[in-house]
Each structure stands twice: as structure tokens, then as C-alpha cells.
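What follows is a single structure, written as C-alpha cells, with notes after it.
Just so you know, residue 1 is the first one in the sequence shown, and it goes up from there. Atoms within each ligand, like the ligands themselves, are counted from 1 in listed order. Being a predicted model, the structure only gives us computed values, none of them experimental.
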Amino acid sequence: MSIAENLSIIKNTLAKEVTLVAVSKTKPSSAIIEAYEAGQRVFGENKALELRDKHEELPKDIIWHFIGRLQTNKVKYIAPFVHLIHSVDSEKLLKEINKRAKSNNRVIDVLIQVFIAKEETKAGFSSEKALALLTAETYNNYPNVNIVGFMGMATNSNDENIVGQEFESLKTLFDEAKNLKSDFTILSMGMSNDYPLAISKGANMVRIGSSIFGARNYPTT
Ligand SMILES: *Cc1c(COP(=O)(O)O)cnc(C)c1O
């Protein structure tokens, strides 16, 4: 099936309030254009230089999200234009995003990545630390960063009980955080193989790659 057909099937299953991030990492610009022409505007990439190059080449009304692990020395490449960074997993990274946002006269929206999986390879703050970050002190220290939600990746498992519980735990944390910060609105969880479950547990942003663009030729994290 074509990219446009895949997109339309997925979009028909999503409620209006759920934002679809089309994860185009490793895919050529021609694939992105195909999705763009089918109406998709929000795309996610996980390599800073690849994102910078695609941003330069592709239509300027594309809304670019960064979704993968971000090294501090790469923030500068995406700071001029990135719309949302899903993957803040350390205070050091928050500090660097703030610095680069400031030098670009911007405030960059970010999500705090929370570790919810049973896999050590996945990144993120513990629930306690994620919540502890949402204080006036953080906002004062990093005025050019706006923390607007949480992102989480569940265990790569077919066991819906495990995955469902992980999503549920992040939704609970999200609800707590919303009480602390009124513009805390985004809960990014769910990928190709688990997004319906993520949405049923409260996700309002899903990051879908292979179900739109087909399998990737090489694995990326
Ligand atoms: C690659 C990636 C996705 C999309 O994965 P698919 O299984 O292809 O849908 C979502 N989120 C993150 C953080 C990713 O790195």
C-alpha cells in the first residue's frame, strides 16, 4: 500500500484530539513529500543532522519534532526551527536547549521523557524526578524552554498487560503534572505496534513510523 493510503487508514482511526507524528527517520525526502501531499504536516526525526538537512530541503510549513536521544552537542543544529523536542532525559540537555533557544530568540517546547519500560536500554527520568522537575525553580532557570508534557516508550512486548500498565502509569503522572502546570497538555506515547493501546490509556500524541512508511532498512533507536 502507498504512504497516502497508510496515512489515511491510520488517521481514520484517530480521534481529532490525537496528534499524529509521522516518524520519517531514515526515509528519503521523497517519502516525506508523499505524506505531505496527502496532508500530513507533523513529522518526527531522531538524528539532528538528518533533521537539519531535511528541514532545509523540504517545505517550510512542515512542523518538525525531534523524538530520539539528543546529544547536547547536536542541539544547535535543530534549535533554529524545531517545534517540539520529545526526549529531554537529563537536566544537562534542558540547559543546553535553553541556551540554544535563547541564542535563536526562541522559546522551545519540550516533553520530559519518563522511563516507564522494563528495558534498561530506554532513556528517561524516573517518575519522581520528572515530577520534581516541574517547579518554579526550573522555569526560572530555563526561561527559553517550555515544558509542555511527557513522553514515554513502553516495553517492546506483545503482553498488553505489561504495556498497558506502563502507559497507565505515565497517564497518572501526567494528570498529576497537569495540576501543577496549566499548559501541561501533551502526552506522547504509542508507536506503530502499540498506539491503539496508548490512546486507550490517554495518549494525545502518537509517533508512528513503519506503519506509514514501511519497515526501515536498518534499526535505529
Ligand atoms: C522510531 C521511533 C518511533 C516510531 O517507531 P515505529 O515502530 O516505526 O512506529 C517512535 N518513537 C521513537 C522515539 C522512535 O525512535
Are Arg100 and Glu96 close enough for a salt bridge, meaning some N to O gap below 4.0 Å? yes
Candidate list Lys74, Lys54, Arg52, test salt bridge (charged side-chain N to carboxylate O under 4.0 Å, His left out), partner Glu45, passing option: Lys54
Polar proximity ligand 1 side, Asn46 side, N/O cut 3.5 Å exclusive: no
Side chain Lys60, main chain His55, donor-acceptor under 3.5 Å: yes
Between the side chains of Gln113 and Ser87, is a donor N or O closer than 3.5 angstrom to an acceptor N or O? no
Out of all atoms in ligand 1, which are within 4.0 Å of some heavy atom of Gly209? Include the element for each. 4 (C), 6 (P), 8 (O), 9 (O)
As a check for students: among Gly190, Ser210, Ala123, Gly68, identify the option with a heavy atom nearest to atom 7 (O) of ligand 1. Ser210
Answer with yes or no whether His86 contacts ligand 1, where contact means a heavy atom under 4.0 Å from a ligand atom. no
So the atoms of ligand 1 within less than 4.0 Å of a heavy atom of Arg207 turn out to be 4 (C), 9 (O), 10 (C), 11 (N), 12 (C), 13 (C)
Please tell me whether Phe150 and Phe184 form a close aromatic pair, meaning their ring centres lie under 6.0 Å apart. yes
Please confirm whether Ile208 comes under 4.0 Å of ligand 1, counting heavy atoms of the residue only. yes
